[in-house]
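The block underneath contains the structure these notes are about, expressed in structure tokens.
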Amino acid sequence: MKKILLIIIIALNGFVINAENSETSSLKSALAEASAKDKPMLLNDIAFHYYRHFPDSAMVYCKEAEKLAEKQKNHYEHIRALEICGRAKNKKKDYEGSIKTLNTSVELWKKYKVDYNISDAIIYIAINYMQSADLHQAKNFMVDVLDNIEEFDFDIPNRARLYNNLGIIENQFGNYSIAIEYYIKALNLKETFVEPPSLRGTLLNIGNLMVRIKNYQEALTYYQRILQINRENDLSTKYANVYIGMGNVYLNLEKYAESKKYYQLALKQAEQENNLKNLSQSYNNLAVLCENEYKYDEALQYYFSALDLRKKLNDKYGITNLHKNIGSLYILIDDLAKAEYHLQKSLEYATENDAKMILEEAYKFLSQLYEKKKNYPKALSYQRKFFTVHDQILNESITDKILEVEKKYNTRATKRENQILKRDNEIMKLNIEKEKLDKIRLILILITILLVALFFFMLFYLKHRKNIFLQKSTELLDEQVKLRTQQLEDINLQLQEEIETRKNIENKLKKSLSEKELMLKEIHHRVKNNMQVVSSILDLQTEELHDDGLRILFQNTKNRIQSMSLIHEKLYHSDNFDQVDFQEYINSLIMHIYAGFHVDLNRIEPIIKIDNIPINLDYAVPCGMIVNELVTNTIKYAFDPEEKGKLWISLQKKETNDYILEIGNNGKDFPRNIDLENPTTIGLHLVNLLAAQIEGKLEVVKKNGVRYFLTFQYNISR
């Protein structure tokens, strides 16, 4: 029976004979002459050489090894055979079968407590879950492994792979802060214990994440590091992903020529390696580039080519992302039916797998789609979902991480400074020692000269012996001097490295500050957008009202919201996020109010005189709303229709550190039946509340019209 099995194995080998290398041939020769005890090991060795490119042949060998090892109760080779078989099934894309086989190997390992590195099998189980697009199961499995890490004999490379794979999953979920933590853990392990080429995958993942959060300069730094590793290690392959990432950076920077150059390099490399995944990604990126250049037909061709490749790979995440991209392109060319089909296909998978990266953009494009269809309630609903997911990603992936990285770098900077001080002290000590050595050397030279003079007066045999002693003394001294000199050179080199490290830390802190400023700018932009959404809702509601009083009430409310929104818009476009240019703000506010009430500037002429006084948010908002209320009252009540007049607004600083805001007109007098201190109208009541908010005093002067004077003290610490 054994002979028949061996004949079958040899016959199957005929299909792969042309692919055998010398090592595999040697193993087969050894197998023919091996004892029964050694055959499981040799069969596994041959299977291991075959599983990557010839998985069917590998499974034949490892199954035979499994039978022999089980019969001999050789638990080590039994577990190994199951692991290799699981890898081969993975190459055949039989993910479910691979997981089952690998789990069996882990169970045997636990049962017999074999001295075997089971971490490879565990890593492949996680990879199977990831490749079958069961990301939640993959994450749960790997987190469970981390919780019980001491139970498994995880070597450093596989532990790094575990962290790297968890980072990939969290990145696809849109949890960027968690993803970057896993990537950094993987990178730290690899930099300490692994050869430089293995760093490339994690460096690429971090670079791609930096592109996602729009930190393009940092992304380029990681990509350039990968290219440097390739050059230093003479690696001519695996450039495609790096070129794709660099192309994405220049695409976002709108440097389309540079972007196209790198995308074409990636496409060429992917074709040479016959890497379908990279080929699909290259087509997708070229399609995005064509979109930006308004070449929509060419973009569609690239997108569908990429989609066909993703379907061949059964890559559900990639398929979903391409449906989203195709849907967004159909919106641009006004084919809304096809756009809706592709975006809904994308949304199904993204919702099922909580893929926030795709969900965010899918919601955004669906909002645009239904806005074009004039289905405003549905468009607004998807817009809200977009903001919700976007805020989740922003808060989770950037804000917390910036604080954490800043804290880490501050701690490291302190340690570095202490180390540099310690080095300075050591250099001082060594300089003192060097001076002592110079003096000793001088003394020794004088002694040597004296000994030479004495040698001439001594007998030949004494002269010979003393010359030998002198020679040995000189050699010893030279060695000591060389040793001390080398130590000083090493310390100087270390100091140069420390100085360079401090410069790098300073640059990163500057980048961190820039990111915080960008975040604050984004917050003001978001507040402005939210207020515009509320304003748009009021517009929609106003169109449904038939009561003129209610319509005016809604218009007044909208103007109040707009006065606050303008503050945040000015801050968003300003380099100073703490203070507002009040002159510019009031000009914009008056133009908005006039436009809202359809008032001709020639009929009611606005005269604005405001000192160059920057005001912070706590004062600008109340003052702006007070101006809004009083200017609105002026337009509505101070002048009859077609009557011409003047409206003036001024803000001046007095010598007493008081500020006076004046709003006046030359129209009708203030009605006598209205009590300013106890008004019955919402507008004047709001004016009183806002004046009290900044501890101001409001006065009214009724002469040749009406003038309001608001006196307050500007407290910059508020």
Side-chain angles (χ1 to χ4, degrees), residues 1-92 94-95 97-128 151-159 161 193-195 198:
M1 184 65 183
K2 293 181 180 178
K3 291 182 178 180
I4 294 173
L5 287 172
L6 287 172
I7 292 171
I8 293 172
I9 292 170
I10 292 169
L12 288 170
N13 283 341
F15 293 100
V16 294
I17 192 67
N18 291 328
E20 294 177 340
N21 56 29
S22 59
E23 187 175 356
T24 309
S25 300
S26 300
L27 288 171
K28 288 184 179 181
S29 300
L31 177 64
E33 300 174 1
S35 63
K37 183 180 179 181
D38 293 332
K39 282 185 177 179
M41 178 187 68
L42 292 168
L43 288 166
N44 278 332
D45 288 344
I46 297 171
F48 186 80
H49 279 82
Y50 276 143
Y51 87 90
R52 288 186 178 86
H53 303 292
F54 305 98
D56 290 324
S57 299
M59 288 175 66
V60 172
Y61 281 101
C62 60
K63 284 181 178 178
E64 180 61 21
E66 178 186 351
K67 290 178 183 178
L68 291 175
E70 185 176 13
K71 184 177 180 180
Q72 297 173 11
K73 296 185 179 180
N74 185 342
H75 303 310
Y76 183 97
E77 294 299 337
H78 188 183
I79 294 170
R80 187 179 174 218
L82 288 168
E83 182 194 328
I84 297 170
C85 188
R87 293 189 185 199
K89 289 181 179 179
N90 171 268
K91 294 300 179 182
K92 288 170 62 65
D94 181 10
Y95 303 126
S98 179
I99 292 170
K100 183 177 179 181
T101 301
L102 292 168
N103 274 325
T104 303
S105 70
V106 176
E107 289 169 4
L108 284 176
W109 178 82
K110 290 179 179 179
K111 180 178 179 180
Y112 295 111
K113 306 296 182 184
V114 180
D115 185 15
Y116 181 86
N117 186 356
I118 200 65
S119 60
D120 283 328
I122 293 170
I123 289 292
Y124 260 89
I125 293 173
I127 291 172
N128 276 295
E151 179 185 0
F152 307 104
D153 185 20
F154 258 70
D155 55 15
I156 296 301
N158 276 338
R159 186 174 295 195
R161 290 176 71 191
F193 296 99
V194 187
E195 294 296 322
S198 66

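By convention here, the first residue in the shown sequence is residue 1.
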- Do NZ/NE/NH1/NH2 and the carboxylate oxygens of Glu83 and Arg87 come within less than 4.0 Å? yes
- Query: What is the ring orientation for Tyr50 with Phe54, classed by angle as parallel under 30°, tilted 30 to 60°, or perpendicular over 60°?
  - Reply: perpendicular
- Item | Any residue meeting salt bridge (Lys or Arg N to Asp or Glu O under 4.0 Å) with Lys92, in chain and number order, not counting sequence neighbours | Asp56
- Query: Got a donor-acceptor contact below 3.5 angstrom from the Trp109 side chain to the Tyr116 backbone?
  - Reply: yes
- Item | Under 3.5 Å donor-acceptor, Ser98 side chain and Tyr95 backbone | no
- So how far is it from Asn74 CG to Ile79 CD1, rounded to the nearest 0.5 Å? 9.5 Å
- Query: Out of curiosity, Leu68 CG to Lys37 NZ, how far, rounded to the nearest 0.5 Å?
  - Reply: 14.5 Å
- Item | Distance in Å, Lys91 NZ paired with His53 NE2, rounded so as to fall on 0.5 Å steps | 8.5 Å
- Output for pair (Leu42 CG, Ser26 OG), nearest 0.5 Å, gives 11.0 Å
- Got a sec, which residues hit salt bridge (Lys or Arg N to Asp or Glu O under 4.0 Å) with Asp94, two or more places apart in sequence or on another chain? none
- Message: Can you give me the closest heavy-atom contact between Lys110 and Lys113, atom names plus distance?
- Response: O-CE, 3.3 Å
- Note on the structure: When every non-hydrogen atom of Pro40 is compared with those of Gln72, the smallest separation belongs to CG-OE1, 3.8 Å
- Note on the structure: Rounded to the nearest 0.5 Å, the CZ atom of Arg80 sits from the OG atom of Ser105 at a distance of 13.0 Å
- Item | Under 3.5 Å donor-acceptor, Glu77 side chain and Leu43 backbone | no
- Are side-chain heavy atoms of Ile125 and Val106 found at a separation under 4.5 Å? yes
- Using side-chain hydrogen bond (donor to acceptor under 3.5 Å, both in side chains) as the criterion, list what pairs up with Glu66, not counting sequence neighbours. none
- If you round to the nearest 0.5 Å, how far is SG of Cys62 from CD1 of Ile84? 6.5 Å
- Item | Student check: side-chain heavy atoms of Arg161 and Asn158 closer than 4.5 Å | yes
